[in-house]
2 protein chains.
Amino acid sequence: MTARRTGRRPGNPDTRDAILAAARTAFAERGFDAASIRAIATTAGVDPALVHHYFRTKEELFRATVAIPIDPAELLPRVLAGGRDEVGARLVRTFLGVWDSPVGTAAVALLRSAVSNQWTARLLREFLTTQILRRVLDQLDLDPAEAPLRGSLVSTQLAGLAMMRYVIRLEPVASATPDTLVATIGPTLQRYLTGPLDQS
Amino acid sequence: MTARRTGRRPGNPDTRDAILAAARTAFAERGFDAASIRAIATTAGVDPALVHHYFRTKEELFRATVAIPIDPAELLPRVLAGGRDEVGARLVRTFLGVWDSPVGTAAVALLRSAVSNQWTARLLREFLTTQILRRVLDQLDLDPAEAPLRGSLVSTQLAGLAMMRYVIRLEPVASATPDTLVATIGPTLQRYLTGPLDQS
DNA sequence: GTCTATAGGCGGATAGAC
DNA sequence: GTCTATCCGCCTATAGAC
């Protein structure tokens, strides 16, 4: 009776991590459909059959790839702490912090895949609504009648920022400094969250 | 020597149009990679080989699908006419008019494909920069040092709007009336185009 | 113009030997 | 745990008969 009788995942941890890392970049660069298990296995230096051995299906591999590294419960308090008037700026800065980090690879994978694949789109939509938007909106104590619209407006701006900066790579947004984007896009989010909804 | 000795496209126009229509919806719903010539042919009620007969390759079929119906030279004057202070609002309204129309199907196809396919991403990027942004920015007579940033900021907001409304279908943005979106997002574009770039 | 037949490739998944 | 062998499917594209 060893100490790890429960919760132990099957397989050699090193091999498993190598597959996960290769899968993360593959899904981020090509999206769910275009990424192939065979290519991922080659990059990881393992046999394709091993990928199935560890993750059973391509879908479960994708889930393991994107689900692990994003934990909004840890980040959001930092966004919501501090003055209510700077929520927009802090939201942009935190957002960029996640996407510019290694963790952002998983986010790119999710966004890329969500566009050409129905069930990943649903995954993204549910992640947005239940994990991010609801928490932010709850904390800001908004009019319940307006909150959903405010939340989805924020989503449009942040999704577009991610698309242009990390997927399409449109300049100069793709290479702009976080400070520039915080200064320009922060006020937009601020107005979507706490400003008037009709006129600027 | 008939009147149409030159410029006559090969093939039966009806069949050709049926293929084009089927291709437009297929590319819009599934993106370039996932859409198949076989499925397009089935929807159009023709033989797969005919698709190649008319359009040679899948890539040329895609080009014919998205290139024809979008002509910014016709729309942009409407956006730019009138007061400089309402450019943002008119830009949103025109944008929604295009995407909500049948023509918008081609736009969805381009956006969806651009995410999982390099050469379509380049197609979209060049379309944005040379056909849309340059014309708008030129007409507004902006500081040349700031114009590129302003243009790409506008792109982030419009791309995100398209993503959430037409691809991910996040509510309530997906079902919002044009008036609502013009009132909320118009001011954002207005500030990106003519407002201060540092603070709101 | 239209269709049949097929070449030639890559994909996910599985069974079973070692 | 790891790998070989293989099934079975879908794809684009082409040659050539009708």
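Below, chains carry the letters A, B, ... as their sequence lines are ordered, and counting in each starts from 1. This structure is a prediction, so every number in the text was calculated from the model and none was measured.
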Give the rounded distance in Å between these two atoms: [atom1] of [X] and [atom2] of [N].
X: F55(A); N: dA13(C); atom1: CZ; atom2: P; answer: 13 Å
X: H53(B); N: dC3(C); atom1: NE2; atom2: C1'; answer: 12 Å
X: L50(B); N: dC3(C); atom1: CG; atom2: C1'; answer: 7 Å
X: R56(B); N: dG1(C); atom1: CZ; atom2: P; answer: 17 Å
X: H52(B); N: dC3(C); atom1: NE2; atom2: P; answer: 15 Å
X: D47(B); N: dA17(D); atom1: CG; atom2: P; answer: 17 Å
X: I37(B); N: dT14(D); atom1: CD1; atom2: P; answer: 10 Å
X: K58(A); N: dG11(C); atom1: NZ; atom2: C1'; answer: 8 Å

Has [X] got a side-chain N or O lying under 4.0 Å from the OP1 or OP2 atom of [N]?
X: Y54(A); N: dG1(D); answer: no
X: T15(B); N: dT2(C); answer: yes
X: S36(A); N: dG11(C); answer: yes

Minimum heavy-atom distance between Y192(B) and T184(A), given as atom pair plus value: CE2-O, 3.5 Å

Interatomic spacing from CZ in R134(B) to CG in L76(B) - rounded to 0.5 Å: 11.5 Å

Pairwise distance CD(E59(A)) to CG(L123(A)) - rounded to 0.5 angstrom: 9.0 Å

salt_bridge(D100(A), R93(A)) N-O dist < 4.0 Å: no

Distance-only polar pair, side chains of R135(B) and Q131(B), donor-acceptor under 3.5 Å: yes

Side chain of R38(A) (C-beta onward), nearest among dT14(D), dC3(D), dG12(C): dG12(C)

Earlier contact from the 5' end, DNA chain C, for P48(A) and A34(A): A34(A)

Whichever of V46(B) and A35(A) has its nearest DNA chain C nucleotide further upstream toward 5': V46(B)

